[in-house]
Protein chains: 2
Amino acid sequence: MAYVDDIDSALVRELQANARQTNRDLAAAVGIAPSTCLERVRLLRDRGVITGYHADVSLTALGREVQALLNVQVRPLNREVIEGFKAYAAGLPEVLSVFVLAGGDDFLVHVAVPSVEGLHGFLMDRFSGRREIVGFRSSVIYQHHRNRVIEPLGG
Amino acid sequence: MAYVDDIDSALVRELQANARQTNRDLAAAVGIAPSTCLERVRLLRDRGVITGYHADVSLTALGREVQALLNVQVRPLNREVIEGFKAYAAGLPEVLSVFVLAGGDDFLVHVAVPSVEGLHGFLMDRFSGRREIVGFRSSVIYQHHRNRVIEPLGG
DNA sequence: GGTGAAATAAAATCATC
DNA sequence: GATGATTTTATTTCACC
């Protein structure tokens, strides 16, 4: 675990909440000089604590109203099949996220499509033909809340 | 669906990949003047296509090495219980994301904790006492790939 | 709706504490 | 390791196309 003091912690919190505030504002928010702030933030990137800065977009605004979670079982369970399916799923434009899991199901795939009809089409066109898939279940997502600010756990 | 032309689309793609590039670089990347670029990006925010800018952090660097997905069933299935549990889970510092689902399981909760022991502790301390929870299953995550650039689906 | 030049503001550097 | 004055660079505005 990287050593992150209270000031670093505050910087990381601020930048997760708003990555485009000016260095001056950021410095003021955490109570240090702008030049110090600049150096601290640079070090947080160099040390790999901050990995990047990304704009968030509205899926609705992009015409992708329906989200679903797909539990997928693949066989045989070997590295080649696992890595192959993971790379395949991650490369599909409908896919937001791919989880490789321990236990019962092998994958969880989070997708966003224009409609329920689009979800059906996705499953038929992208999954049905794959020989390694031995089964899947899909759950439509009613709501999704993501915590955008992640902190070191106290203690 | 918001009307997003090819230039908007390119801006959204660029800003999802790197939200802290300068306006000049962004303008150059999509082939427009900096002043035009500034105005376009402002409109994308005003129209709600871009919803924010966030730094990404390394969970490992913050000492949260273990991630898991928790399938949770709650009862009775009414608005009060659903909203109550959602708000509770979303407010926990270990929680990255909360999905409210249609079908079998009611919730999927994505957590990041320091260790497998921490996961056990989380389940005992945060979930066991809740009367509305009638069952849960947890799956440790081996790998997680997230697509950070989301585009309108072609066609 | 887009542009380029001028004005304003911020980032980056560095000598100093 | 942090600071503030200075230089360098970017953002923002606006009259014009």
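Only a predicted model underlies this, so the values are computations on that prediction, with no experimental measurement involved. Naming convention: chains lettered A, B, ... in sequence-line order (proteins, then strands); numbering from 1 in each chain.
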Residues from residues 19-33 of chain B lying under 4.0 Å of DNA chain C - heavy atoms: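 When residues 19-33 of chain B is checked for heavy atoms under 4.0 Å from DNA chain C, the hits, listed by number, are B:Ile32, B:Ala33.
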A:Val98 side chain reached by A:Phe85 side chain, heavy atoms, under 4.5 Å: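 Sidechains of A:Val98 and A:Phe85: no contact.
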Expressed in angstrom and rounded to an integer, what is the separation of [X] atom [atom1] from [N] atom [atom2]?
X: A:Leu11; N: D:dG1; atom1: CG; atom2: P; result: 15 Å
X: B:Leu38; N: C:dG4; atom1: CG; atom2: P; result: 15 Å
X: B:Ile7; N: C:dG1; atom1: CD1; atom2: C1'; result: 10 Å
X: A:Glu39; N: C:dA11; atom1: CD; atom2: P; result: 15 Å

Centroid separation B:Phe99 to A:His145 less than 6.0 Å: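 Ring-ring flag for B:Phe99/A:His145: false, centres at least 6.0 Å apart.
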Centroid-centroid distance, B:Phe127 to B:Phe122, less than 6.0 Å: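 B:Phe127 vs B:Phe122: aromatic centres under 6.0 Å.
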Sequence neighbours excluded - side chain to side chain donor-acceptor pair (under 3.5 Å) pairs with any residue from residues 113-124 of chain A: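 Output for this query is empty, none listed.
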Over 12 non-hydrogen atoms of neighbours within 6.0 angstrom of CZ in B:Arg130: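 Count over threshold, so yes.
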More than 12 heavy atoms from other groups under 6.0 Å of CG on A:Asp5: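 More than 12 heavy atoms, drawn from other residues, nucleotides or ligands, come within 6.0 Å of this atom.
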Closest to side chain of B:Arg40, choosing from D:dT12, C:dG1, D:dG1: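 My answer, after comparing the listed nucleotides, is C:dG1.
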B:Ser35 side-chain proximity, nearest of C:dG2, C:dG4, D:dA2: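 Comparing C:dG2, C:dG4, D:dA2 against the side chain of B:Ser35, the answer is C:dG4.
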Under-4.0 Å side-chain N/O to phosphate OP1/OP2 contact, B:Arg42 with D:dT11: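 For B:Arg42, the contact criterion (side-chain N or O under 4.0 Å from OP1 or OP2 of D:dT11) is not met.
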